[in-house]
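First comes the structure, then the notes that go with it.
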Amino acid sequence: MEKKYDHKIQEPEIQKKWEEKGIFTGKIDKNKKPFTIVLPPPNANGKLHTGHVLMLAIEDILIRWKKMQGYSTLWVPGTDHAGFETQVVFERHLKEKGKSRFDYDRDSLYKEIWDFVQENKGVIESQIKSMGPGLDWTRYTFTLDDKVVDTVYETFQRMVEEGMVYRDDYIVNYCPKCGTTFADLELRHVTRKDPLYYMKYGPFVVATTRPETKFGDTAVAVHPNDERYKEYIGKEIEVEGLNGNLKLKVIGDTFVDPKFGTGVVKVTPAHDKNDYEAGRRHSLEIKSVIGLDGKLNENTGPYVGLSVEEGRKKVVEDLQRKGLMIKIDYDYEHTVSVCYKGGHDIEPTVLPNWFIKVENFKKPALDVVINKEVKIYPRWREITYVKWMEEMRDWPISRQVVWGIRIPAWYSVEENPSIQVTFLNKKKERITGKVSDLIKKYSFSEIEEGLQSLIAPKNAKSIISKARPNGNYLQETDTFDTWFSSGHWPLVTLGYPNSDDFHYFYPTSVMETGWEIIRFWVSRMIMFGIYLTGKPPFSDVYLHGLVRAIDGKKMSKSLGNVIDPLDYVSEYGADALRMGLISGTANGKDFAFPRDKVVAYRNFANKLWNMARFILLLMENNEVVEYKEGNDKNITDVDKEIIQKLRSLIYGVNNSLEKFRFSDASDLIYQFMWHEVADNYIEYVKTREDKGVALGVLKYVFTTGLKVLHPFMPFVTEAIWSNIETNGLLIENRWPE
RNA sequence: GGGCGGUUAGCUCAGUUGGUUAGAGCGCCACAUUGACAUUGUGGAGGUCAUAGGUUCGAUUCCUGUACCGCCCACCA
């Protein structure tokens with residue numbers, strides 16, 4: 001053995017040994033109990049970050065611990081297509097080539113992104129492997145694999161048949177100039193001055209920058225504790241308008257800031273995100289007044305056909321004429337959302353969207369947590385889950401993103417003449433309009449082949465089908481919310497509904513992930529698991545904290561404090577990095593990257609290495625009297641003491657791991673090996689006359705300690721094992737009782 | 001604004017049902033190189049456990065208020 005432990009040489013070699021022997025290939029063994037984890041899939045197009053390392057470390061500890069205990073373990077890896085995020089990265093890439101997504105038809109764009117991801121996904125896979133996780137790569141899954149898409153389609157079809165899917169309006173960031181919607185992250189926020197208009201609304205005065213949307217008002221809102229207006233809450237008021245009187249509900253809602261303006265807000269659910277949310281809370285009518293062409297629609301009476309700017313001017317004049325305009329503040333500064341593409345004003349608009357009824361999902365998904373069928377660690381995170389489930393409203397599942405699983409709904413253009421389509425014609429010109437008009441100028445196949453997006457009306461007729469129906473059918477261009485498909489993750493990775501794997505390994509044992517996605521992801525997995533199989537997909541949920549930068553702040557590119565875990569792997573080794581992260585925090589709280597601990601555990605690896613060297617040195621000069629439990633005639637009290645401490649170490653580590661207290665467990669084994677075995681016992685062995693006996697005990701204690709340490713620092717323990725034991729690989733040995 | 005968490009040694013953090021001298025890693029000081037390891041060993045200094053009250057025989061631990069800090073969500077019509 002070299003004088004120093006060299007992780008750079010050892011880690012890849014050890015990794016190869018595990019792989020060659022297929023150590024972590026899951027095996028269906030009816031004589032063993034299964035222990036299953038599915039890996040939360042990292043972005044296929046991304047890089048490994050410290051959060052991934054922590055996740056891999058925790059899950060690997062559990063897998064190796066259970067495997068050594070005799071369970072038939074399976075840990076399934078996968079990567080995520082990361083819908084919107086990847087599309088943004090790809091578009092940046094397009095921009096470098098002077099292009100944008102609007103230069104491609106939908107199918108070509110999808111294919112381009114697919115190829116782009118295929119080129120890059122090897123990076124994350126090899127980075128994952130460098131951390132030494134005991135994953136079964138023969139069962140690797142990508143979130144856009146056919147088996148995933150098929151299962152998602154089947155679920156969707158079933159839900160449609162059971163009446164759990166409906167179409168309704170949903171507010172989106174729509175740009176009338178671009179004829180498309182934008183994600184929140186695609187918006188730019190600009191600060192500018194616009195007049196703030198104070199208009200008379202029955203007994204109130206409301207302040208607004210958007211008087212032209214007043215025809216879409218279906219309520220006014222005040223803060224529920226505002227003494228000035230308390231008496232009106234729940235009542236209906238009559239308001240003099242420009243097209244006759246209108247009746248508005250008065251609602252009390254905390255989204256209103258009583259200190260702003262007059263403390264009374266006009267509520268336009270169809271054209272303001274905030275108002276939309278309030279509208280859903282209070283079941284208000286959604287009345288759209290601006291069309292997809294950006295012009296005021298028929299709901300505005302005589303103003304129909306005017307642009308938003310023209311309409312606003314005219315409405316203001318008419319209000320002034322009628323004496324309904326109280327005052328105008330021309331000095332009002334606010335932020336406005338504009339699209340990133342052309343800098344046009346975003347018009348929040350309601351568009352038809354696919355929704356899932358959650359009413360039947362909620363209770364079972366809530367119950368399994370409350371009655372502890374699914375246990376959440378740490379306990380206090382349970383509150384987040386419970387609140388979310390209680391408040392959950394129907395789930396809008398369509399997204400206007402290309403990179404995802406396309407909703408399998410097909411619209412007949414003959415039956416749905418008012419569908420708005422946007423496509424590239426043969427000359428690559430972008431055409432937008434009603435399909436019934438465009439079909440007169442273009443062939444159906446030209447429209448279909450060049451299709452970028454379509455917007456079908458709320459009541460459009462559609463066929464749900466994986467395959468294209470015969471006839472002039474256009475497929476829905478929206479994709480599923482990524483959480484809709486990833487909610488199936490434990491099912492699809494295990495071959496739901498009818499594979500041997502599924503019957504043996506499902507439900508899984510532990511779901512381990514970052515706490516920030518408990519609401520988006522964990523809740524959806526539980527919902528779909530129960531819906532499709534009657535059983536929640538896992539019995540324990542462990543939520544780890546966020547790894548922050550060394551300065552304690554959240555890592556971000558703009559702050560320049562992002563830590564690349566691979567730098568630490570190459571400098572200190574994967575073992576040291578893993579162990580450092582594990583012992584840096586205990587309770588799933590966020591924590592700053594524990595750099596000092598990583599160094600400390602690098603030193604620890606070297607310490608262990610040298611302990612082994614010392615034992616080997618003794619073995620060269622002494623005949624070892626192998627120590628066996630129960631056979632302790634010749635041993636001393638000090639020997640007995642270290643064996644006793646080993647026993648309580650094993651007990652303590654098991655106990656901590658069962659409670660997901662990884663830091664406690666890693667601390668115990670560290671203290672034991674370094675301070676009990678190395679500092680005390682080895683020094684004592686040096687003084688012994690009967691070296692062979694003491695050496696036997698030392699070897700027993702040390703190798704047993706290696707077993708206990710192995711799940712935490714798999715590489716160095718395996719490397720040492722191969723030098724002092726002939727008994728196969730360490731990971732193939734039994735966990736000490 | 002709503003929710004969650006934090007405030008313990010110079011730094012980063014543990015502290016499992018309230019109970020004798022409050023712990024670890026790193027850092028610092030002194031000493032040590034006589035079978036492995038300087039990525040080492042031995043010893044040591046260092047904390048009125050944010051703050052004000054309350055419950056209790058007893059509070060870092062439970063309750064309430066206050067002050068900072070962090071995160072998530074929603075965001076100014």
Side-chain angles (χ1 to χ4, degrees), chain A residues 1-7 189 194 196-199 206-211 213 217 220-221 223 253-268 271-275 277-278 332-335 378-384 387-388 391 514-519 545-546 548 550-554 572-573 576 579-580 583-618 620-622 655-656 659 661 663-664 666-668 670-671 674-675 678-679 682-683 685-687 691:
Chain A
M1 288 173 85
E2 297 296 318
K3 195 169 170 186
K4 279 185 185 172
Y5 173 64
D6 188 343
H7 62 266
H189 302 279
D194 278 312
L196 183 64
Y197 303 94
Y198 286 76
M199 310 187 294
V206 302
T208 182
T209 53
R210 312 263 338 243
T213 63
D217 290 355
V220 294
H223 194 278
D253 198 295
T254 50
F255 89 94
V256 180
D257 177 2
K259 292 189 286 291
F260 185 89
T262 56
V264 187
V265 190
K266 72 188 207 55
V267 181
T268 325
H271 297 289
D272 182 286
K273 212 167 185 182
N274 221 358
D275 292 4
E277 292 296 332
Y332 177 61
E333 200 174 79
H334 67 153
T335 49
R379 261 305 281 292
W380 50 269
R381 292 285 188 208
E382 208 180 283
I383 298 168
T384 316
K387 285 204 177 202
W388 165 254
E391 291 168 9
W515 62 266
E516 69 276 10
I517 53 178
I518 182 172
R519 307 201 303 191
L546 185 79
R548 294 206 292 263
I550 292 169
D551 57 13
K553 297 206 174 88
K554 195 173 171 173
Y572 302 104
M579 192 73 164
S583 68
T585 185
N587 291 329
K589 278 184 296 206
D590 293 354
F591 62 105
F593 183 80
R595 179 196 202 127
D596 290 344
K597 298 245 181 187
V598 177
V599 178
Y601 285 111
R602 187 273 313 259
N603 296 351
F604 182 47
N606 191 56
K607 184 75 183 180
L608 293 162
W609 184 257
N610 277 286
M611 287 165 76
R613 285 180 65 218
F614 181 67
I615 290 169
L616 284 173
L617 195 71
L618 290 185
E620 280 171 23
N621 308 320
N622 300 278
N655 202 258
S656 298
K659 291 189 271 186
R661 298 186 65 92
S663 170
D664 286 0
S666 66
D667 236 39
L668 286 173
Y670 173 86
Q671 292 297 330
W674 198 316
H675 300 301
D679 291 347
I682 285 184
E683 292 307 315
V685 170
K686 288 177 185 172
T687 68
K691 279 281 186 312

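The figures here come from the full heavy-atom set of this structure, side chains too, leaving out hydrogens, waters and symmetry mates. Everything quoted here is computed from the prediction, not taken from an experiment. Order of the sequence lines fixes the chain letters, A, B, ..., with proteins taken first and strands second; residue numbering starts at 1 for each chain.
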With sequence neighbours left out, write down each residue that passes side-chain contact (heavy atoms from CB on, under 4.5 Å) with [X], or none if nothing qualifies.
X: A:R613; answer: A:M1, A:K3, A:W609, A:N610
X: A:K686; answer: A:F614, A:I682, A:E683
X: A:L668; answer: A:L649, A:V653, A:S656
X: A:Q671; answer: A:H675

Consecutive-pair stems (3 or more, Watson-Crick or G-U, under 3.5 Å) for RNA chain B: B:1-7 with B:67-73, B:10-13 with B:23-26, B:28-32 with B:40-44, B:50-54 with B:62-66
Can you sort out the partners of A:Y197 under ring-ring contact (aromatic ring centres under 6.0 Å, His included), two or more places apart, ordered by chain and number?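 With neighbours one apart ignored, the set is empty.
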With A:Y670 via ring-ring contact (aromatic ring centres under 6.0 Å, His included) - residues at least two apart: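 ring-ring contact (aromatic ring centres under 6.0 Å, His included) check on A:Y670 returns A:Y601, A:F604, A:W674.
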Side chain to side chain donor-acceptor pair (under 3.5 Å) partners of [X], counting only residues at least two apart:
X: A:W515; result: A:D590
X: A:E620; result: none
X: A:T213; result: A:K266

Is there any protein nitrogen or oxygen under 3.5 Å from a nitrogen or oxygen in nucleotides 70-72 of chain B, and what are the pairs?
{"from": "B:G70", "atom 1": "O2'", "to": "A:R548", "atom 2": "NH1", "distance (Å)": "3.3"}
{"from": "B:C72", "atom 1": "OP1", "to": "A:K554", "atom 2": "NZ", "distance (Å)": "2.4"}

Between protein and nucleotides 26-33 of chain B, map the contacts as a letter string: B base, S sugar-phosphate only, - none, heavy atoms under 4.0 Å, written 5' to 3'. S-------
